[in-house]
Structures are given as C-alpha cells and as structure tokens.
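Because only heavy atoms are used, hydrogens play no part in the values below, and waters and symmetry mates are left out as well, while side chains stay in. Whatever order the structure lists ligands and atoms in, that order sets their numbers, starting from 1.
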Amino acid sequence: MPSYDFKCVSCGHRFELFTTISQRDKAVCPKCGGPVARVYEGKWSMGVKPVTGGCACGGNCAGCAGCGK
Ligand SMILES: [Zn+2]
C-alpha cells in the first residue's frame, strides 16, 4: 500500500498516510478533520538546475569546451 504525505489546509498539521488510491482523495486531517492537500517531495536538490543534454554548457554548445561539439 503506498504512502502519501498530506498537509492540513486549515490547521497546517502534516502527516503521512498509508492508503489506497481510491481512499486517498477522501483523506481528512486526523487532528481537526479539515481538508488536506497532497505534499509532493522533490527528488532533486533545490537550486540545482538539471543540465540538458548532459553538457555543462546547458545546450549552448557553441564555444563550449566541455562537450566537444
Ligand atoms: Zn487539521
């Protein structure tokens, strides 16, 4: 059973819930019974931009010594 992170919209309580996909959207806050929103955890570090094409020049390869183009 997958787990999901939620945050209560009314009281701000954050919790993790193991539930089915069909029950997921019916989740309510265990503290106050208020509506909750899903919390999406980023899998990448904040502030680090993904490099397109694997080249350090970011795709602008004219004059880039790193990618050899
Ligand atoms: Zn709440």
Would you mind reporting whether F15 and V36 have side-chain heavy atoms less than 4.5 Å apart?
yes
Once rounded to the nearest 0.5 Å, what's the spacing between atom CZ of F6 and atom CZ of R38?
5.5 Å
Atoms of protein origin (N, O or S) under 2.8 Å from the Zn ion (ligand 1):
C8 SG, C11 SG, C29 SG, C32 SG
Give the minimum heavy-atom separation between K7 and G12, together with the two atoms involved.
CE-O, 3.7 Å
Could you give the side-chain donor-acceptor pairs of residues 19-31 under 3.5 Å, partners two or more places apart or in another chain?
unit_1, atom_1, unit_2, atom_2, d
T20, OG1, S22, OG, 3.3
T20, OG1, Q23, N, 3.3

